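Read through the structure below, which is laid out as structure tokens, and then see the notes.
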Amino acid sequence: MLEKTYDPAAVETRIYEGWQEAGAFKAGAGAKPGAETFSIVIPPPNVTGSLHIGHALNNTIQDILIRFERMRGKDVLWQPGTDHAGIATQMIVERQLAERQQPGRREMGREKFLERVWEWKAESGGTILNQLRRLGASADWSRERFTMDEGLSEAVRKVFVTLYEKGLIYRAKRLVNWHPGLETAISDLEVENIETNGKMWHLRYPIEGSEETITVATTRPETMLGDVAVAVHPDDERYKHLVGKHVILPIVGRRIPIIADEYADPELGSGAVKITPAHDFNDFEVGQRHGLKPINIFTTTARLNNTVPAEYRGLDRFEARDRIISELEALSVLVWVDDKKIMVPYDEKSKVVVIEPFLTDQWFVNAEVLARPALASVKEGRTKFVPKAYENTYYAWMENIKPWCISRQLWWGHQIPAWYGPRLNTDPDFNNRDAGPKCFVAETEAEAIRLAQSYYGNRKIEVYSAGVNAPDYAKALSTFETAQRDRMNADTWSMRKHKDPFAELSDSKVPLHRDEDVLDTWFSSALWPFSTMGWPHQTPELAKYYPTDVLVTGFDIIFFWVARMMMMGLEFTGTEPFHTVYMHALVRDEKGQKMSKTKGNVIDPLELVDEYGADATRFTLAAMAAQGRDMRLAIARVEGYRNFVTKLWNAARFLEMNGCTRVEAFDPRANTLALNRWIVGSTARAVATVTAALDDYKFNEAANAAYDFVWGTFCDWYIELAKPVFTGDDEAAKAETQATAAFVLDQILKLLHPFMPFVTEELWAETGKTGPAREKLLIISEWPDLKGFEDTEAQAELDWLVALISGIRSVRQEMNVPAGAKIKLLVVGAGDVTGTRVEANLSALTRLARLDSVDYTSDVPRDSAQLILGEATFVLPLAGVIDLDAERTRLKRDIAKETVEIDKIDKKLGNEQFLAKAAEEVIEEQRTRRAEAEDRRARLIEALSRLS
RNA sequence: GGGUGUAUAGCUCAGCGGGAGAGCACUACCUUGACAUGGUAGGGGUCACAGGUUCAAUCCCUGUUACACCCA
């Protein structure tokens with residue numbers, strides 16, 4: 001016997017372990033040989049992460065799809081894993097070291113520090129995946145991957161080297177977004193521009209050899225130390241005569257040109273702008289156009305470096321601003337100051353650190369080339385976005401894609417597979433400092449040495465791993481370079497040889513060192529759909545499960561991740577990594593605000609699981625997952641669906657109490673009772689609706705259809721109507737109903753399983769204790785298919801019965817008949833069908849409408865309430881109970897309602913245009929509705945006349 | 001500044017070219033042998049506003065307003 005209420009906490013862990021032990025999550029579990037495949041790769045959560053409500057939604061949706069397709073018999077893989085999350089993870093470990101007052105990262109050195117991070121990962125990295133298990137995620141944990149696993153790292157190296165060889169990855173000195181706190185470059189996407197109250201400072205620069213001055217406006221006066229020019233618009237009449245002259249930069253004293261460039265906007269400020277190519281993206285381009293050499297005034301921590309006057313060196317950028325302003329003021333260079341709203345680039349994660357455009361050597365991906373096929377895939381429909389509106393977002397990004405800066409000055413991540421050595425004096429770039437060192441890109445060190453060997457001839461290659469600043473490396477490098485330089489001049493070289501008998505050997509050993517930077521975390525994430533399946537090796541999994549089917553994700557990572565997976569997938573496998581991208585909404589609080597720790601409005605999904613159970617939590621998320629709209633999560637909804645779980649549980653309990661045991665080889669189509677034929681037909685329709693909705697990714701429709709059917713149809717009507725059968729003495733009817741009830745419950749458990757896996761699996765086990773043995777767990781049982789089980793005749797009869805019972809109940813309440821009182825029912829004017837229906841459903845009718853007798857008459861007693869249904873009138877003689885005035889009011893109200901309806905339809909039918917242009921079936925429908933309303937009204941009027 | 005989306009019951013949300021829906025909340029009644037985490041019945045909406053298209057608009061189009069988000 002089932003308990004009175006279902007206790008999720010007591011059941012969920014046991015059920016989950018049962019699935020694991022049965023191997024139900026394993027790729028291909030339950031699939032028939034040769035079955036179609038269905039695969040999803042999880043958006044790998046950060047190892048540093050813990051489950052938030054967005055993850056809960058994301059993974060609930062994936063799990064629903066996976067369980068649905070698994071039950072449909074497909075060969076299913078849900079590939080789980082985690083992302084190494086370079087910056088976040090490194091920061092956590094660094095913070096931990098600081099808290100424990102242990103040596104910092106730099107003191108420890110790279111190798112020790114990385115060991116430390118791996119230790120941390122081993123201890124804490126699995127948290128979020130364990131949290132997903134609590135939600136019921138049925139991923140194939142035996143295939144768990146991590147972006148820094150050896151296999152995935154191999155994929156990363158392969159991709160890097162291949163793209164490098166194709167010229168699609170290159171190293172360049174460019175302005176990048178620099179994070180002065182972390183001292184690393186970040187990508188454009190990791191920067192968030194936030195509108196801030198700023199100021200516009202107007203500075204008056206003196207013109208060389210003239211009394212004239214030129215006024216420039218800037219929001220960042222401290223960067224004037226790095227100014228290399230002043231630009232005006234070529235058509236700006238005010239300044240034409242100044243172009244070609246020079247200004248003397250105040251404080252610094254540098255002589256810089258006035259140039260003409262269209263970037264200067266005559267409408268903005270004074271129309272003249274200072275050009276600081278090292279610290280502004282627009283200025284950088286202006287500088288390039290005019291061959292101006294950028295002057296970098298900052299260190300990697302955004303303090304002023306030694307290119308600036310001594311008194312400013314070492315100052316923080318904001319401190320420097322104040323000091324510069326004071327000095328400019330004192331020099332009367334500062335003319336005036338305006339308040340201005342400005343966009344300040346912040347670190348997208350912390351939203352605290354101001355990002356600095358900074359000139360460094362970095363690695364870039366030529367995203368423009370990779371984007372072309374990725375763009376075409378979506379345009380040509382090979383990959384579809386759901387909802388479709390996101391395709392535009394994707395296009396807008398892809399059509400304007402910028403080079404992707406992929407190097408990060410961090411330690412935790414995939415170290416860039418590039419090795420550097422000194423250039424030979426025969427190299428055309430030997431004296432070109434901007435060209436940088438000679439670079440060898442290879443998947444392994446051995447391969448890099450081979451490449452180097454072919455460049456350096458038979459010199460000995462020595463790889464230094466202690467870093468570019470290690471003394472022995474610096475020494476070896478300078479020895480080599482000096483020798484190469486000295487060899488270029490015959491005199492120098494012969495003098496050297498004379499002094500040093502070993503001079504010829506001084507450049508016989510070449511020092512090589514590996515690039516110390518690591519790759520952007522998203523670089524490895526971009527390979528996730530195929531790297532997790534063993535690529536670059538041609539594994540069976542790759543052949544079977546790639547390309548995947550659906551990618552389920554939030555729109556916030558459409559650029560970070562989706563776009564890049566498309567690019568890499570197409571480039572390296574020749575196929576789109578998925579045919580559908582399902583973008584789910586953002587979960588907000590019930591007031592529509594974004595959840596955040598600082599606002600304190602975070603709903604923790606694990607707390608929901610603890611309090612209401614995983615099933616209720618999942619069902620809520622599914623029921624609210626309408627496409628293209630953010631969801632506001634209200635706890636009351638979760639509570640409501642918890643009640644639904646209880647309702648289902650109790651329905652099963654009722655069936656159990658009434659001997660509803662499954663019957664071997666039961667054929668629902670052989671049923672004779674309308675009640676049973678009706679519920680089977682309704683089940684068929686519910687199955688069809690839920691299946692279609694899931695096929696369309698309309699999770700809310702699927703969930704609601706299942707809910708309506710289970711509660712509104714099965715519990716509210718079928719079980720209620722079955723009660724008299726169970727307590728009656730028609731044994732054949734009882735047996736048929738018991739078998740049908742058990743059959744329908746089975747279908748319900750299957751239908752609900754993707755949404756509520758735990759309670760359904762538990763009930764599947766409980767109901768399996770009697771009747772024929774269950775062959776397998778619910779999770780791998782077959783999805784119901786009841787096509788052709790509909791029964792329109794039974795449907796019509798039960799619709800009628802429901803309407804009659806509801807009608808009588810309604811009258812009883814309005815007439816204030818005590819709920820416990822049993823009353824008589826008289827049937828007037830019933831035809832054959834109604835008569836048969838009344839007789840067939842007599843016990844149900846009597847019970848649910850609380851009647852004590854049903855009789856036929858043509859003689860309506862006075863003081864009765866009357867109900868119109870079909871051709872018959874149902875009369876409730878309520879002498880003594882009934883309030884005649886109330887009944888008259890009720891009838892008049894109903895008559896008025898019908899009149900309004902008739903008038904409305906008449907207006908349409910009287911319109912010639914309508915008759916001429918509307919569809920035939922629409923007109924016909926209106927006519928039918930009118931006739932029905934007219935008939936009801938006539939009989940209501942008749943009923944009213946009987947009352948007086 | 002450019003773009004996208006949303007506006008429907010007190011709240012959270014579905015829906016849709018031809019009869020305004022659900023859950024929660026609310027009101028009344030009911031411990032009827034599954035379930036009070038329940039049952040029955042009910043009240044409650046100018047479908048944001050203004051135009052337009054259409055025989056017909058909550059739905060399609062345009063504009064306005066408000067809110068949200070994305071990009072610069």
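It should be emphasised that the depicted structure is a prediction, and the values quoted were computed from it without experimental measurement. In what follows, chains carry the letters A, B, and so on, assigned in the order in which the sequence lines appear, proteins first and then strands, with residues in each chain numbered from 1.
At a cut-off of 3.5 angstrom, the base of A34(B) holds at least one donor-acceptor pair with the side chain of Glu720(A). With hydrogens and angles ignored, a donor-acceptor pair closer than 3.5 Å exists between the side chain of Arg637(A) and the base of U12(B). Interface remark: the Lys4(A) side chain does not form any donor-acceptor pair with the C35(B) base, using a distance-only criterion of under 3.5 Å.
In this structure, C69(B) forms a base pair with G3(B), meeting either the Watson-Crick or the G-U wobble geometry with both donor-acceptor distances under 3.5 Å. Base pairing of A34(B) is not made with any nucleotide, judged by Watson-Crick or G-U wobble geometry with both donor-acceptor distances under 3.5 Å. Across all strands shown, G19(B) remains unpaired; no Watson-Crick or G-U wobble contact has both distances below 3.5 Å. Nucleotide A48(B) is matched to U64(B) when pairs are restricted to Watson-Crick or G-U wobble geometry with both distances under 3.5 angstrom.
A distance below 6.0 Å separates the ring centres of Phe619(A) and Tyr641(A).
Counting any heavy atom pair closer than 4.0 Å across all strands shown, Ala651(A) reaches a base atom. Base contact: Lys723(A) has a heavy atom under 4.0 Å from a base atom. Here Ser810(A) lies in heavy-atom contact (under 4.0 Å) with sugar-phosphate atoms only. Among the protein residues, Arg653(A) comes within range of the sugar-phosphate backbone only, with heavy atoms under 4.0 Å from sugar or phosphate atoms but none that close to a base. If you check every strand for non-hydrogen atoms under 4.0 Å, Asn392(A) touches nothing. At a threshold of 4.0 angstrom between heavy atoms, the contacts of Arg929(A) include nucleobase atoms, whether or not backbone atoms are also involved. Residue contacts for Arg847(A): at a heavy-atom cut-off of 4.0 Å it reaches no nucleic acid atom on any strand shown.
Across every non-hydrogen atom of Pro605(A) and Ala56(A), the tightest pair is CB-CB, 3.7 Å.
Atom CG of Leu909(A) is separated from atom C1' of A56(B) by 12 Å (rounded to the nearest Å). Rounding to whole angstrom units, CZ of residue Phe560(A) and C1' of C70(B) are separated by 13 Å. Distance, Asn700(A) CG to G15(B) C1': 10 Å, rounded to whole Å.
Thr767(A) places a side-chain N or O within 3.5 Å of a backbone atom of Trp764(A) that can act as its donor or acceptor partner.
Considering only the side chain of Asn193(A), A72(B) comes nearest among U37(B), A72(B), C55(B).
As rounded to the nearest Å, C13(B) and U8(B) have C1' atoms that lie 10 Å from one another.
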Report all side-chain donor-acceptor pairs from residues 704-714 of chain A shorter than 3.5 Å, counting only partners two or more places apart or in another chain.
| from | atom 1 | to | atom 2 | distance (Å) |
| --- | --- | --- | --- | --- |
| Asn704(A) | ND2 | Asn700(A) | O | 3.1 |

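The cationic group of Lys907(A) does not satisfy the cation-pi geometry with Phe914(A), failing either the under 6.0 Å distance to the six-membered ring centre or the 45° limit from the ring axis.
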